[in-house]
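Below, all heavy atoms of this structure are taken into account, side chains as well, without hydrogens, waters or symmetry copies. First the proteins, then the strands, lettered A, B, ... as listed; each starts at 1.
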Number of protein chains: 2
Amino acid sequence: MNVTIVDIARKAGVSPSTVSRVLSGHPKISAATARKVKEIMEAMDYHPNVMAKSLVSKVTRTIGIVLPRPAEELFLNLFFSEVIRGVVTQATRSGYDLMLTTGSTEREEVDAVNRLVRGRRVDGLILLYSREGDPVIKLLKENNFPFVLIGRSEEHSDILTVDNNNVQAAYDVTRHFIAQGHTRIGFVSGPPDLTVSKDRLAGYRNALAEAGIAARPDWIVEGDFLQESGYRAMSFIMNVPDRPSAIVVMDDVVALGVLGGVTELGFKVPQDLALAGFNNIPMSELTSPPISSVDIGIYQLGYTASQTLLRAVKGEPVHQQRMLIPHRFIARESSIFKPPS
Amino acid sequence: MNVTIVDIARKAGVSPSTVSRVLSGHPKISAATARKVKEIMEAMDYHPNVMAKSLVSKVTRTIGIVLPRPAEELFLNLFFSEVIRGVVTQATRSGYDLMLTTGSTEREEVDAVNRLVRGRRVDGLILLYSREGDPVIKLLKENNFPFVLIGRSEEHSDILTVDNNNVQAAYDVTRHFIAQGHTRIGFVSGPPDLTVSKDRLAGYRNALAEAGIAARPDWIVEGDFLQESGYRAMSFIMNVPDRPSAIVVMDDVVALGVLGGVTELGFKVPQDLALAGFNNIPMSELTSPPISSVDIGIYQLGYTASQTLLRAVKGEPVHQQRMLIPHRFIARESSIFKPPS
DNA sequence: ATTTCCAATGCAAACGATTGAATGATGTCA
DNA sequence: TGACATCATTCAATCGTTTGCATTGGAAAT
């Protein structure tokens with residue numbers, strides 16, 4: 001059916017092994033033979049069978065990326081697409097292909113990962129986000145399989161990670177409010193089992209504590225990564241008797257919902273409620289008022305993760321086991337109170 | 001190293017072929033043997049080697065998705081992530097894995113596709129977007145390789161496609177403006193070599209022609225799919241001596257740029273310029289004013305494309321060769337002129 | 001007690017590459 | 001001229017499955 005290495009060999013009057021060696025640039029193949037074989041490969045439009053190749057070589061030149069379940073919601077959040085963009089760009093540049101998997105339950109997710117890992121389908125994996133007691137990490141460690149976690153793991157200290165200093169980032173944002181005289185500062189968190197949620201919450205608490213401000217549990221609301229949850233958070237938090245004057249939101253998409261919710265309730269941002277988010281999605285600049293946000297270098301996270309993974313896969317030395325991508329707070333109107341002039 | 005079918009066979013005291021048959025649910029394997037083998041597979045944590053499997057079966061249970069180049073920009077636009085979400089969901093549900101590829105030049109893209117197709121890496125491909133004279137389509141047809149195009153092809157009438165009726169959709173939007181008394185209607189287009197750009201432009205022209213309004217070339221600006229281009233379009237179009245009073249924008253992300261640009265120039269939407277976009281991204285609802293948009297069912301496009309592709313791959317009958325996903329115009333404030341009350 | 005038949009399993013040849021060891025054809029040197 | 005190193009190439013085994021065809025052993029039929 002398809003043209004194989006044997007066809008090329010026959011046509012060129014050499015053995016399959018020679019063709020294979022030409023293909024892999026083996027040193028002791030004469031220039032003449034190499035040229036002839038290459039010509040014939042070109043003429044016959046030969047493409048090596050990847051499956052056969054990786055069956056024997058045990059290398060797939062493919063990395064996998066495990067999407068957080070439920071896959072259904074994830075792309076709604078720009079974070080994931082931006083990470084993937086970073087990964088796909090770096091991987092492609094390095095000649096690697098990318099596979100995507102998910103599962104809608106934990107069981108399915110583990111099965112999917114097993115298929116990839118044990119089935120020798122990929123050479124390495126990138127995990128987006130760590131949650132408490134993630135069975136996938138355990139699985140990969142047991143199998144001694146190369147992987148990089150985007151985020152931080154509380155349980156495993158000996159794995160490759162690429163992360164932001166989220167504690168510091170949230171601290172910075174909270175300080176920004178405190179510096180402007182705010183003392184009633186709320187927080188809209190992500191799912192509490194995610195490490196990133198914990199870290200940002202910790203940074204927020206640190207800043208408060210440092211300033212001698214007691215944290216108010218009713219000003220800390222739990223959300224997810226959808227706009228909707230920002231709405232909901234507001235209808236709750238703006239109705240507590242003594243409501244906050246500023247709020248730190250764990251994600252810009254959620255912050256958009258917060259902005260919408262607050263506005264709908266008849267409040268003004270930043271006069272009635274100052275607001276800042278994370279991730280600095282392109283949209284943050286275009287709302288009215290534009291939303292302050294921490295740029296965490298999402299693309300960089302993906303790019304670096306892929307780069308690190310490929311090093312690990314190839315057995316090259318990895319300089320740092322835990323890499324930190326720098327963040328940068330970008331103050332916009334939503335968090336800067338301008339007295340009416 | 002890894003446990004193989006031979007290990008299982010030895011342990012179970014049967015031949016590898018029997019194990020293989022148990023694995024594939026062959027009818028004439030005794031219940032007793034099947035049970036025993038399955039137990040041992042479980043106990044030894046056996047996972048079949050995917051490469052070996054697909055080397056002989058010539059089936060990979062994987063579909064590929066070719067991202068439009070340059071990959072760098074694409075994820076900025078929600079369209080792509082939403083399509084992929086649809087594809088990954090459907091594919092995963094059907095037990096298929098997903099591969100992503102790109103190339104940054106046409107040559108690279110063709111090479112990447114060749115690697116996947118000729119290297120027997122995937123069973124089918126999904127193409128996002130068609131452009132004039134796309135060499136990838138030609139390549140796939142020549143190889144008789146299953147694929148589905150999201151969009152419409154002008155050159156090839158015999159391929160599987162999933163698309164919207166973009167002519168009709170743009171017609172609807174333009175009519176919406178005309179019905180409100182607008183006669184000076186502009187258009188911000190996408191890259192002119194994309195079929196979707198042509199179709200929407202055609203719908204716009206049709207509506208104008210039907211209403212006896214002459215199209216004004218200087219009111220038709222070319223953009224891409226980035227916010228930036230909306231900005232640029234505005235600084236141009238709002239400075240022509242006789243500027244339009246309404247504008248149809250090919251993409252919501254671009255429309256966001258348009259909104260920003262127009263506002264920055266000191267104009268009001270919709271009073272000075274009425275505005276409507278396409279794709280109905282979540283953000284459109286949250287701008288001020290909210291942006292009218294055509295919901296084209298992006299997720300559905302991806303989901304249906306994947307579904308259709310898998311049918312084709314498995315040789316199942318495909319009811320329709322060209323599938324249309326319905327669209328729906330959602331009128332919001334940006335396109336509805338409210339006289340000051 | 002043979003022969004026949006069928007269900008259950010085993011044999012061995014693929015699939016398309018890679019790779020260590022063996023071979024053959026040169027050239028070099030005494 | 002013969003022995004020997006050297007370089008380029010071939011041989012054959014291997015990777016982990018699948019699958020058409022052969023084999024086996026016992027029940028049913030003669």
Side chain to side chain donor-acceptor pair (under 3.5 Å), that's the test. Do A:Thr33 and A:Ser30 meet it? Break it down for me. CA-CA 5 Å; A:Thr33 317; A:Ser30 73; 2.5 Å; yes
Where the side chain of [X] is concerned, which of [options] is the nearest nucleotide?
| X | options | result |
| --- | --- | --- |
| A:Lys58 | C:dT9, C:dG16, D:dG16 | D:dG16 |
| A:Leu55 | C:dA17, C:dT9, D:dG16 | D:dG16 |
| B:Ser15 | C:dC11, C:dA17, D:dT18 | C:dC11 |
| A:Thr33 | D:dT10, C:dA17, D:dT9 | D:dT9 |

For [X], which contact category applies under a 4.0 Å heavy-atom criterion: base, sugar-phosphate, or nothing?
| X | result |
| --- | --- |
| A:Val19 | nothing |
| A:Val6 | nothing |
| A:Thr18 | base |
| B:Ser54 | nothing |
| A:Gly119 | nothing |
| B:Ser30 | sugar-phosphate |
| A:Ile29 | sugar-phosphate |

How close or far is atom [atom2] of [N] from atom [atom1] of [X], stated in whole angstroms?
| X | N | atom1 | atom2 | result |
| --- | --- | --- | --- | --- |
| A:His26 | D:dA8 | NE2 | C1' | 9 Å |
| B:Lys36 | C:dT9 | NZ | P | 9 Å |
| A:Asn2 | C:dC15 | CG | P | 12 Å |
| B:Lys28 | D:dT24 | NZ | P | 18 Å |
| A:His47 | C:dA17 | NE2 | P | 12 Å |
| A:Asp7 | C:dG16 | CG | P | 9 Å |
| B:Leu23 | D:dT19 | CG | P | 11 Å |
| B:Asn49 | D:dT17 | CG | P | 5 Å |

Note: A:Glu82-A:Arg85 ion pair, threshold 4.0 Å (strictly below):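 Result for this pair is yes, salt bridge flagged.
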Salt bridge A:Asp123-A:Lys314, side-chain N to carboxylate O under 4.0 Å: no
Under the side chain to side chain donor-acceptor pair (under 3.5 Å) rule, what do B:Ser94 and B:Gln90 come out as? Steps first, then yes or no, please. CA-CA 6 Å; B:Ser94 309; B:Gln90 204 283 329; 3.1 Å; yes
Give me the distances for all protein-to-nucleotides 20-27 of chain C N/O pairs that come in under 3.5 Å?
unit_1	atom_1	unit_2	atom_2	d
C:dG20	O6	A:Arg21	NH2	2.6

Does B:Glu42 CD have over 12 foreign heavy atoms under 6.0 Å away? no
Does B:Glu316 CD have over 12 foreign heavy atoms under 6.0 Å away?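 Buried by this count: over 12 neighbours within 6.0 Å.
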The residue, B:Ala52 or A:Lys53, whose nearest nucleotide of DNA chain C is more 5′ is B:Ala52
Does the side chain of A:Leu125 reach to within under 4.5 Å of the side chain of A:Val66, using non-hydrogen atoms? yes
Does D:dT17 have its OP1 or OP2 closer than 4.0 Å to a side-chain nitrogen or oxygen of B:Tyr46?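 Yes, B:Tyr46 has a side-chain N/O under 4.0 Å of OP1/OP2 on D:dT17.
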What residue among B:Val83, B:Leu78, B:Ile84 forms side chain to side chain contact (heavy atoms under 4.5 Å, CB included) with B:Ser81? B:Leu78
